[in-house]
Protein chains: 2
Amino acid sequence: MGEAGLRADAERNRQRILAAAEELFLERGASVSLDEVAKRAKVGAGTLYRRFPTREALLAATSNERFMSVAEASRGRDADHEPDDALRRFLEAFALNASVYRSLAASLGTVIQHRTPGCNAITEEGHRLLRRAKEAGVLRQDASFDDIVCVVSAISIAVEKESAPVPRVAHLVDLLFNGMRER
Amino acid sequence: MGEAGLRADAERNRQRILAAAEELFLERGASVSLDEVAKRAKVGAGTLYRRFPTREALLAATSNERFMSVAEASRGRDADHEPDDALRRFLEAFALNASVYRSLAASLGTVIQHRTPGCNAITEEGHRLLRRAKEAGVLRQDASFDDIVCVVSAISIAVEKESAPVPRVAHLVDLLFNGMRER
DNA sequence: TTACGATATGGAGACATTCTCCACTTAGCA
DNA sequence: TGCTAAGTGGAGAATGTCTCCATATCGTAA
């Protein structure tokens, strides 16, 4: 949670920035002015930029706990779900959490590359599910984690405007998982 | 090509803006400063904004011919290709042309809604292919044109960083069209 | 040809946002 | 208690968007 090697007052400010960013991202989307985030956190702009050099780094940080949850829930489902079902549920949860802030999905590809615990966890879990589904023979051998990020982005972008995201995400995951083809 | 009801000098300026924008978009991506576009076109900023009120309007205009080509080529393929193959090729061509400028893909959803000839043509052709594939029973009934735009955007975004976009586009279209499942 | 209204123009400048820099403050240790 | 490394705020430079309007030019009707 806290960032290692940070002075106590600095860590306090860091938390205030995260709280302010979370509020503003929820209210007005992932594109709000960062100076405004600093202002709401009662912190100078320099402090914000020193701690989070880019908007994506801040997004990765505010998404950290959500991404951890997605990975953890997926690991917990492992025992009582078939590999393809586990992967499908993971995709749904990932997509839903990649659209909590408007305009987050568009930069998901960049955000997910940050080495925060949450991004690491979700990346590892994605790779694990991919491997497991391939071994079970229910997934194409040439599907990669990058493909997953691409698919999740597409779904999240499509879903951001919707008033009822959950069923729409389920529909789109089904569509892209099983293919647009009639069988 | 020329815009109806425009004074001759205004139409000349409009063409100069389009040429300058095309150059700069190719060189440095779809996010270049619009003032710089105006400067290269040797035109005041006001002139640019009067003719193209938003960046997306300008992008729709510079993409016009490419979009026309995509639609036309697709229509030409109609006779000697099965409905699913025709749709797949259309998706590939659309995605490739939605990534000619870096960062164009991110605003594709907005760009495509402009009522330029190219946007109209590509939208109509998309609907036609969708209908044809559904009638032939090779496409799920619940796939929509919005789904297509969403999928094409995601593919184009994913592909913008690649050095070899063509095979990657083909892979992603195949993946999303046929599904991630082993069959 | 002229003259006149409609159209079109440029670019200064108001405003917003990003991001840096550094004189000053503070925490934490010896 | 005093020292130093760590941290801070916020002014302001750099960049970009977009508007406004005094001025210029086009095209036409007489």
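Being a predicted model, the structure only gives us computed values, none of them experimental. In what follows, every chain begins at residue 1, and chains take the letters A, B, ... in the order their sequences are listed.
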Query - Under 3.5 Å donor-acceptor, B:Glu92 side chain and B:Val169 backbone - result: no

Can you confirm whether the side chains of A:Ser74 and A:Glu125 place a donor and an acceptor under 3.5 Å from each other? yes

Of the candidates C:dT17, C:dA27, C:dA12, the side chain of A:Asp9 sits closest to C:dA27

Walking DNA chain D from its 5' end, the first of B:Ala8 and B:Ser31 to be reached, judged by nearest nucleotide, is B:Ser31

Closest of C:dT9, D:dG16, D:dG27 to the B:Arg50 side chain is C:dT9

- Task: Indicate whether OP1 or OP2 belonging to D:dT8 is found under 4.0 Å from a side-chain N or O atom of A:Asn13.
- Result: yes

Rounded to whole Å, CZ of A:Arg51 lies from P of C:dT20 at a distance of 15 Å

**Prompt:** Under 4.0 angstrom, heavy atoms only, what part of the nucleic acid is B:Ala38 near: base, sugar-phosphate, or nothing?
**Reply:** nothing

Check your understanding: Does OP1 or OP2 of D:dT17 have a side-chain N or O of B:Ser33 closer than 4.0 Å?
Key -> yes

Taken to the nearest whole Å, CD1/B:Ile17 to P/C:dA8 is 12 Å

Between CZ of B:Arg7 and C1' of C:dC4 the distance, given in whole Å, is 13 Å

Atom CD of B:Glu11 and atom C1' of D:dG27 are separated, to the nearest Å, by 16 Å

To the nearest angstrom, the OH-C1' distance between A:Tyr49 and D:dA11 comes to 15 Å

Note: for A:Gly46 and A:Glu36 on DNA chain C, the residue whose nearest nucleotide lies more 5' is A:Glu36

query: Any chance NZ of B:Lys134 has more than 12 other-residue heavy atoms, nucleotides or ligands included, within less than 6.0 Å?
result: yes

Of the listed D:dT17, D:dG7, C:dT18, the closest approach to the A:Leu6 side chain comes from D:dG7

Q. Does the side chain of B:Thr47 get closer than 4.0 angstrom to OP1 or OP2 of C:dA8 through an N or O atom?
A. no

Do side-chain atoms of A:Ser153 reach the backbone of A:Val149 as a donor and acceptor pair under 3.5 angstrom? yes

Hey, does A:Lys42 reach any base, or is it just sugar-phosphate, or nothing, if we go heavy atoms under 4.0 Å?
sugar-phosphate

- Message: Applying a 4.0 Å non-hydrogen cut-off, can you work out what B:Asp35 is touching in the nucleic acid: base, sugar-phosphate, or nothing?
- Response: base

Is any side-chain N of the basic residue among A:Asp85 and A:Arg88 closer than 4.0 Å to the acidic one's carboxylate O? yes

Open item on the list: Tell me whether the side-chain N/O atoms of A:Arg55 come closer than 4.0 Å to OP1 or OP2 in C:dT18.
Closed with: yes

note: B:Glu56, atom CD; D:dT17, atom P; distance rounded to Å ~ 11 Å

To the nearest angstrom, the CZ-P distance between A:Phe52 and D:dT8 comes to 11 Å

Contact class for A:Ala10 vs. all strands (heavy atom < 4.0 Å): base, sugar-phosphate, or nothing? sugar-phosphate

A:Leu48 CG to C:dT18 C1', in whole Å, measures 11 Å

| message | Regarding B:Asp174 and A:Arg140, does a basic nitrogen lie under 4.0 Å from an acidic carboxylate oxygen? | response | yes

